[in-house]
Amino acid sequence: MGNHNVSYQPSISPPIDQISVEERCARFQSRSIKGETKVAGLKLALSMIDLTTLEGKDSEGKVKQLCYKAMHPHDAMPGIPTVAAVCVYPTMVRTARKALKGSNIKVAAVATAFPSGLAPLKVKLDDTKFAVEEGADEIDMVISRGRFLQGDFNLVFDEIAAVKEACGKAHLKVILETGELSTLDNVRKASDIAIFAGADFIKTSTGKIQPAATMPVTLVMLEAIRDYYYETGKMIGMKPAGGIATSKLALHYLVMVRETLGEAWMNPDWFRFGASKLANDILMQLAKDQTGVYQSLNYFSND
Amino acid sequence: MSKKQDKKHQQQAAEPSLDFSKALIYTPAPESSAHIRLKKQYDLFINGTWVKPSKGGYFETINPSTEQVLAKVAEGTQEDVDKAVKAARAAYENVWSKMPARERAKYIYRIARLIQERAREFAVIESMDGGKPIRESRDIDIPLAANHFFYYAGWADKLEYAFPGKNPESIGVAGQIIPWNFPLLMAAWKIAPALAAGNTVVLKPAESTPLTALKLAEIIEESGLPAGVVNIVTGAGATGAAIVNHPDIDKIAFTGSTDVGKLIQKAIAGTGKKLTLELGGKAANIIFEDAALDQAVEGIVNGIFFNQGHVCCAGSRLFVQEGVADKVIRKLKDRMASLIVGDPMDKNTDIGAINSPEQLKKINEYLKIGVNEGGEVFQPNCSIPSKGYFCKPTLFLNTSQSHRVVQEEIFGPVLAVQTFRTVEEVIEKANNTPYGLSAGVWTDKGSKIFNMTTKLKAGVVWANTYNKFDPSSPFGGFRESGFGREGGLHGLLPYLNLR
């Protein structure tokens, strides 16, 4: 159970200096990404997207459209990669699975009483198992933020470990919902808990709470991943989600991953963007690179 | 995905290491220098006009990243210095000391605004002439220089409030000699408080980086500052000596090496001239095990690799607490692997060119000394340009207090690393140096910071940050790092007589 057969000790999480983290993020943003690097970066970012629809009014039709978009982001332009995954509620997994048949695109399902996580563990495990049985490759779970803020770290740890077990072969992304954790110290603690409890990926946000992903929060999580890698040699993936809507910001995130974890994480196996609007912005930039002019959003499908 | 991941896990498990050499290599993003207008030859700026040097000598200033000549600059002689001092004296007696303080302030404000307006031009020239990365000249040097003028402009008509009941009065003519590491910023540190306090100035920029000071002279011309209030005399050591020894100068302000500082102090002993010296340093940067380690690593990098380590307050001695030493060094090495060394004009460059061939030679000598002393060397596997003067960022690990790379100021991107066990030990080691300019302390515990700041013998102690400057904050040293303060209220004192 878990990546380590021990419970989480808060003392393993170093303190975080918010001011310095923000300064470091400003440095990432001052990198100038031009020319070939920009095009390569944009294509990479596109290939890392978890195209997401998580609304109460989601329909099978909408999910099918989203899946088609995932496989054919913009057929008018050659050489465009597909996205990494489609992220939906468990009841939409079967539809997505079917629609994506024949592609390498993963189906991710949010589970464990997403987005609040306020349900008994049994319900969360059933939710998880249902999504896996429906064919989800990846499970995006939420942690119990209330219990975390109460200091009940062991309960949070145990829940994650139990969900990991329920996932079976499916990969587990653990959503910390950093917008509710209040400090970067807490973000670091929650990251360590998730990693030690068995997360394959750690993820910033549900997208339902503001602020969602930010660069400082993501940097702190990448540093937790790095420390765990130094310690064990095991890689953990990272997924910032929500609030990354522009190509420029996505490139800043890639710069951050590149300068924090390096080459090995620069692919969709280890880094994802949870986003819906980002894909079209990237396509617009790529089209501009090919044609020299910006086209209106009307030229890009809004699925 | 899982198979691929598992395979990678196995591969990585043997020796986890991070690779920064391949992914997303940034294509060159050079700042344009097409808009820069440099004259082929610069004369001396004396009494509000450009005058030829009396002996007709000129020297070349080069771009250290390309080794190309940028311009020829006048070699000021004793006669030229005399001319400049006479102009400064006349301006002081007849105009500047009699002008209402709020009128003085207007001129200083105007200079500040003109620097801001031409910030990009200044940044580009600073990087061309001195080799520092455009990111630093653009984001740090030039804005800070403008801010110093703004800040001291504010004090000009409030001196009675700065020193209540002390009847602050200007001194007269100040002779100012500045170094090559922050050419425009040092000119601002010197000129702004002197003018605000009502003095006039003869300033000599460093011979390897005179161009931004000469551009500043153009701005001063444009600002309508009365003739002779600021005079800029370029030249080498002899020109500086002529300023130091001139009998009609009331105050000398010098920033540069400790050796030259000592010579100046000897030379003016008994003359009644006021003196401030801002000299060398060998600062301790101390990382406690309870620090925010990833952020401390950033602080180590900013401490020693900022401006190629050409910083008198550089954190060139690193002390890491034993329990976290391996972790910190590993993180530091990985961070160094992601630093970009090269063309100063490229917006992505982290470490630019060494300022001069002489300085590169000196650094390389210390690299040899460090190796011969048995220090373990680490340099990242980065490429450096074949032309120009460049040095890779360097660590010397497992050093001790008796190593020369620990004791002596290298003034380059070279960091000597030691570990420590207790607070007492690190205080003793940190203070065991003839210098005392600055220090850094990294800990999450406030009480530890206050304990350290009271015990470290250094003029500036940064806590959980490093190499941060602000016009309102005084800067200066203890012991062989000099005396007198620049910046803040304290920075006015050397330019005033108080009663």
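All chains are named by letter (A, B, ...) in the order of the sequence lines, taking the proteins before the strands, and each is independently numbered beginning at 1. Keep in mind that what you see is a predicted model, and the values were worked out from it rather than measured.
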Assess the residue pair A:R27 and B:N302 against the criterion (side chain to side chain contact (heavy atoms under 4.5 Å, CB included)); give the C-alpha distance rounded to whole Å, side-chain angles, the decisive distance to 0.1 Å, and a yes or no.
CA-CA 12 Å; A:R27 278 290 289 274; B:N302 288 335; 3.9 Å; yes
Whether [X] side chain and [Y] backbone form a donor-acceptor pair below 3.5 Å:
X: A:R258; Y: B:F20; answer: yes
X: A:T37; Y: B:T27; answer: yes
X: A:Y229; Y: B:L18; answer: no
X: B:Q295; Y: A:D17; answer: yes

Among [options], who wins on heavy-atom pairs under 4.5 Å with chain A?
options: B:D334, B:T465, B:V324, B:L293; value: B:D334
options: B:N464, B:L339, B:D294; value: B:D294
options: B:D19, B:N348, B:D139, B:D346; value: B:N348

Examine whether an atom of A:V255 lies under 4.5 Å from a heavy atom of chain B, and if so say whether it belongs to the side chain, the backbone or both; otherwise answer neither.
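Both backbone and side chain.
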Is A:L254 close to chain B through its backbone or its side chain, or both, or neither, when contacts mean heavy atoms under 4.5 Å?
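Both backbone and side chain.
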Minimum heavy-atom separation for B:L24 and A:G41, please, with both atom names.
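Looks like CD1-CA, 3.8 Å.
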Heavy-atom count check: over 12 atoms from other residues, nucleotides or ligands less than 6.0 Å from [X] [atom1]?
X: A:N104; atom1: CG; answer: no
X: A:Q290; atom1: CD; answer: yes
X: A:I19; atom1: CD1; answer: no

Side-chain ion pair, A:E263 and B:K22, N-O less than 4.0 Å:
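No salt bridge links A:E263 with B:K22.
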One thing to verify: whether A:D227 and B:K331 come together as a salt bridge, which I'm taking to mean a side-chain N less than 4.0 angstrom from a carboxylate O.
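A:D227 and B:K331: salt-bridged.
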Would you sort out whether A:R31 and B:I340 count as a side chain to side chain contact (heavy atoms under 4.5 Å, CB included), showing the intermediate values?
CA-CA 11 Å; A:R31 289 291 193 211; B:I340 299 167; 3.9 Å; yes
Top contributor to chain B contacts, counting heavy-atom pairs under 4.5 Å, from [options]:
options: A:L261, A:V21, A:I33; value: A:L261
options: A:S32, A:G262, A:A40; value: A:S32
options: A:V257, A:D137, A:T260; value: A:T260

Contacting moiety of B:K445, where chain A heavy atoms sit under 4.5 Å
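Neither part, no heavy atoms under 4.5 Å.
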With a 4.5 angstrom heavy-atom cut-off, which part of B:A337 approaches chain A: side chain, backbone, both or neither?
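For B:A337, neither part sits under 4.5 Å from chain A.
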From [X] atom [atom1] to [Y] atom [atom2], the distance as rounded to the nearest 0.5 Å:
X: B:D350; Y: A:E259; atom1: CG; atom2: CD; answer: 7.0 Å
X: A:S20; Y: B:W442; atom1: OG; atom2: CH2; answer: 5.0 Å
X: B:R135; Y: A:S30; atom1: CZ; atom2: OG; answer: 5.5 Å

Please evaluate residues A:E231 and B:K327 with respect to the criterion salt bridge (charged side-chain N to carboxylate O under 4.0 Å, His left out), reporting the C-alpha separation (whole Å), side-chain torsions for both, the decisive distance (0.1 Å), and the verdict.
CA-CA 10 Å; A:E231 210 59 43; B:K327 217 185 249 182; 5.1 Å; no
